[in-house]
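Notes follow the structure.
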Amino acid sequence: MSPIYCEADMLKEKFHIEFVMGSATQASLWRMISQIDGLSEWFADEVSMSDDENLYTFFWGKSDNQAEIINVKPQQSIRFRWLDEDDENVYFEFQLHKLELSSEIALQITDFAEPNEKGDAIALWETQIDKMKRQLGVF
């Protein structure tokens, strides 16, 4: 794994975490990771989209952040880049794939964090995915 250096000389490492999504369907999971109504159920308090559907604004309480979509494979993966991120190689991505043995759908998340914040970032994703599973009625 090659580290990514940010402008402020802070080191960000790429990491992957995967969640088995139980009885959730591909279509319901795709809505949760790519549509503003789905994302607002678990990822942010509110989500809006630009007219060209390429820029999402995420709201949490009184703060907000914008991310652009930099890659989409419909029903499979979507990659976002935060606009306030200096390093263009840093992104977060949601990927869906079917597990061979169980045929369940898995959600893989790719993200970047500084080494001393990686544990907190993973814990936050775990909390958010638990919220998504509750919204979907899967456990």
Side-chain angles (χ1 to χ4, degrees):
M1 170 171 36
S2 61
I4 303 292
Y5 291 92
C6 296
E7 197 171 78
D9 253 359
M10 296 302 253
L11 182 65
K12 286 197 175 181
E13 293 179 354
K14 181 193 256 186
F15 65 92
H16 305 280
I17 48 178
E18 186 171 276
F19 302 90
V20 178
M21 301 306 290
S23 61
T25 65
Q26 184 105 7
S28 66
L29 287 167
W30 181 249
R31 184 183 73 80
M32 293 300 258
I33 64 173
S34 67
Q35 303 298 310
I36 60 174
D37 64 326
L39 287 161
S40 66
E41 289 182 35
W42 68 279
F43 186 73
D45 297 334
E46 185 182 336
V47 183
S48 65
M49 181 185 349
S50 63
D51 290 338
D52 65 2
E53 299 183 4
N54 196 42
L55 186 66
Y56 286 41
T57 304
F58 299 94
F59 299 90
W60 297 274
K62 294 182 179 181
S63 67
D64 65 85
N65 203 348
Q66 290 188 310
E68 65 179 334
I69 296 174
I70 54 176
N71 191 22
V72 178
K73 293 179 186 167
Q75 301 295 317
Q76 292 179 20
S77 67
I78 185 164
R79 181 180 292 186
F80 294 92
R81 187 179 73 77
W82 294 115
L83 292 187
D84 65 357
E85 175 61 56
D86 293 330
D87 190 329
E88 290 187 14
N89 296 310
V90 173
Y91 59 88
F92 66 100
E93 181 175 50
F94 303 117
Q95 291 182 297
L96 300 173
H97 62 272
K98 191 173 278 196
L99 299 173
E100 286 185 31
L101 292 176
S102 66
S103 293
E104 291 177 299
I105 304 290
L107 169 62
Q108 178 178 295
I109 297 172
T110 302
D111 199 1
F112 290 78
E114 294 172 21
N116 63 338
E117 296 177 355
K118 190 171 168 182
D120 290 341
I122 290 170
L124 179 59
W125 280 118
E126 289 170 344
T127 299
Q128 295 305 104
I129 296 304
D130 283 345
K131 187 174 180 183
M132 179 198 293
K133 285 181 172 183
R134 283 194 306 278
Q135 292 293 328
L136 290 168
V138 298
F139 304 98

Where do F112 and F92 land on the side-chain contact (heavy atoms from CB on, under 4.5 Å) test, with the steps shown first?
CA-CA 7 Å; F112 290 78; F92 66 100; over 6 Å; no
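- In the hydrophobic clustering of this structure, L29 groups with I17; members are Ile, Leu, Val, Met, Phe, Trp, Tyr whose side-chain heavy atoms approach within less than 4.5 Å, directly or through other members.
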Working for side-chain contact (heavy atoms from CB on, under 4.5 Å), residues E93 and K14:
CA-CA 11 Å; E93 181 175 50; K14 181 193 256 186; over 6 Å; no
Evaluate E85 against K12 for side-chain contact (heavy atoms from CB on, under 4.5 Å), listing each step before the verdict.
CA-CA 11 Å; E85 175 61 56; K12 286 197 175 181; 2.8 Å; yes
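- Residues passing the side-chain hydrogen bond (donor to acceptor under 3.5 Å, both in side chains) test with S34 are W30, sequence neighbours excluded.
- Take S48 and apply the side-chain hydrogen bond (donor to acceptor under 3.5 Å, both in side chains) test, not counting sequence neighbours, and it matches no residue.
- Of all heavy-atom pairs spanning E53 and I69, the tightest one is O-CD1, 3.7 Å.
- Taking CG of L39 as the reference point, atom CD1 of I78 lies at 7.5 Å (rounded to 0.5 Å).
- L83 belongs to a hydrophobic cluster with L55, counting contacts under 4.5 Å between side-chain heavy atoms of Ile, Leu, Val, Met, Phe, Trp and Tyr, direct or through other members.
- A salt bridge (charged side-chain N to carboxylate O under 4.0 Å, His left out) check over residues 63-72, counting only residues at least two apart or in different chains, returns the pairs E68-R81.
- Evaluation of the salt bridge (Lys or Arg N to Asp or Glu O under 4.0 Å) rule for R31 yields D37, E41 as partners, not counting sequence neighbours.
- For D84, the side-chain contact (heavy atoms from CB on, under 4.5 Å) partners two or more places apart in sequence, or in a different chain, are N65, W82.
- Between P115 and E13 the shortest heavy-atom distance is CG-OE2, 3.7 Å.
- With sequence neighbours left out, D52 forms a side-chain hydrogen bond (donor to acceptor under 3.5 Å, both in side chains) with S50.
- For Y56, the ring pair (Phe, Tyr, Trp, His ring centres under 6.0 Å) criterion is met by F80, not counting sequence neighbours.
- Taking hydrophobic clusters as Ile, Leu, Val, Met, Phe, Trp and Tyr residues chained together by side-chain heavy-atom distances below 4.5 Å, V72 shares a cluster with F58.
- D45 is linked by a side-chain contact (heavy atoms from CB on, under 4.5 Å) to W60, counting only residues two or more places apart in sequence or in another chain.
- Both F94 and M49 sit in one connected hydrophobic cluster of ILVMFWY residues. Membership requires side-chain heavy atoms under 4.5 Å apart, directly or through other members.
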For residues 99-109, which side-chain donor-acceptor pairs fall under 3.5 Å, sequence neighbours excluded?
from, atom 1, to, atom 2, distance (Å)
S102, OG, E104, N, 3.2
S102, OG, E104, OE1, 3.3
Q108, NE2, H16, ND1, 3.4
Q108, NE2, Q95, OE1, 3.1

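- For the pair L96/Q75, no side-chain contact is recorded, criterion being any heavy-atom separation below 4.5 Å from C-beta on.
- Applying the side-chain hydrogen bond (donor to acceptor under 3.5 Å, both in side chains) criterion to S40, with sequence neighbours excluded, gives no partner residue.
- Note that the CE atom of M21 and the CD atom of Q26 stand 11.5 Å from one another [nearest 0.5 Å].
- Summarising the geometry, atom OG1 belonging to T127 is positioned 12.0 Å from atom CD1 belonging to I122; distances are rounded to the nearest 0.5 Å.
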Scan the side chains in residues 128-139 for donor-acceptor partners under 3.5 Å anywhere in the protein, sequence neighbours excluded, and list what turns up.
from, atom 1, to, atom 2, distance (Å)
Q128, NE2, W42, O, 2.5
K133, NZ, V20, O, 3.1

